[in-house]
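Before any comments, here is the structure.
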Amino acid sequence: MTGVTVRVPAKLNLQLAVGPPRADGYHDLMTVFHAVSLFDQVTVEPAGRDGVTVTGEGADRVPADHDNLALRAVAALRAAVPDRRPGPGNVHATIAKRIPVAAGLAGGSADAAAALVACNELWATGLSQQQLGAIAATVGSDVAFALLGGTAVGRGRGEQVTPALVPATQYHWVLAFADGQLSTPAVYAALDRLRGERGDGQSPRAGGPRGVGPREIAEPDLDAALMSALRSGDAARVGQRLNNDLQPAAVSLFPALRKTLAAGLELGALGALVAGSGPTCVFLAANAERALELAVSLSGAGVCRSVARVSGPVPGAAVVSAG
Ligand code: C5P
């Protein structure tokens with residue numbers, strides 16, 4: 001085989017509930033992932049040594065060395081393949097990006113998932129979907145979902161994914177890309193700081209005024225009303241239940257997002273939220289025509305760098321050509 005090309009979607013989080021920081025620095029999550037029709041494409045070909053070339057949207061901001069998440073995924077898969085001859089050789093990965101970098105859409109994780117699927121095919125490893133998922137989980141918190149796609153519930157760091165039992169209703173979304181980026185660890189740290197300032201999650205001080213003790217940070221729980229809205233397939237209900245605990249933290253680091261979110265709602269979106277750790281803003285529209293109107297109005301309002309219309313759910317990373 002001379003090369004394998006895989007297409008992989010961006011993700012949204014329709015719910016992102018974040019628990020307190022864990023001992024390992026991560027946060028326990030409860031999230032509803034949703035894959036949308038904005039795709040990167042990754043091609044792997046046998047090569048003298050492992051390497052990567054990145055083209056397209058934001059390519060200059062993606063590491064082109066062994067820090068690249070796709071190459072880390074290649075190495076993780078190689079290490080997991082049982083010993084046999086011929087073994088998994090070196091590869092060159094070419095990543096064609098349409099998912100903006102550091103935008104809250106898990107583009108890096110998507111590329112890693114695509115590299116896993118591509119090398120799995122190229123090397124004919126014979127690993128099961130479940131084994132690939134376990135390798136994905138070691139590469140990054142969102143990689144396992146990029147393999148699965150659709151709409152799914154994520155637990156743990158987000159790496160434990162199970163398909164959501166909801167009808168395959170298509171939803172129409174408008175993404176507003178920001179003029180700038182946010183670092184995921186910085187947004188989680190800002191959330192911890194904001195919660196600290198409010199006194200959340202600290203043990204009550206002796207002798208403090210009664211009834212005003214610090215609040216506990218709740219264990220993240222699945223939003224039953226969102227799941228019921230998704231089961232009904234009613235976009236208006238889904239729009240009302242979109243929620244993201246990281247949103248206040250992202251807005252505190254990127255205050256212009258407040259204006260973008262307000263503009264989308266004023267222009268008739270059924271719901272609005274920040275995508276993952278941001279700074280992309282996500283708007284739900286009632287149908288494809290409304291999404292087009294909203295996209296045109298939003299780009300005219302001057303509240304973002306550019307807009308895209310997408311729909312979801314779509315499948316996870318999949319081979320588009322192999323030869
Ligand atoms: O797993 P991934 O490399 O995508 O995570 C990037 C960063 O986001 C982590 O280093 C951590 O700071 C933060 N994170 C977190 N809790 C999660 C997922 C990510 O704190 N569940």
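Both ligands and their constituent atoms are indexed starting at 1 by order of listing.
- Between the side chains of His172 and Ser311, not a single donor N or O lies within less than 3.5 Å of an accepting N or O.
- Each ring pair (Phe, Tyr, Trp, His ring centres under 6.0 Å) pair with one or both residues in residues 255-274, not counting sequence neighbours, would appear here, but there are none.
- No side-chain donor from either of Ser228 and Arg241 sits under 3.5 Å from a side-chain acceptor of the other.
- Among residues two or more places apart in sequence or in another chain, the side chain to side chain donor-acceptor pair (under 3.5 Å) test is passed with Arg305 by Glu57.
- Residue Leu292 is found in a hydrophobic cluster whose other members, listed by chain and number, are Val296; membership requires side-chain heavy atoms under 4.5 Å apart, directly or through intermediates.
- A perpendicular orientation is assigned to the rings of His34 and Tyr171, their planes being inclined by more than 60° (bins at 30° and 60°).
- When heavy-atom distances to ligand 1 are checked against 4.0 Å, the residues falling inside are Gly25, Tyr26, His27, Leu29, Gly140, Ser141, Arg157, Thr184, Pro185, Tyr188, ordered by chain and number.
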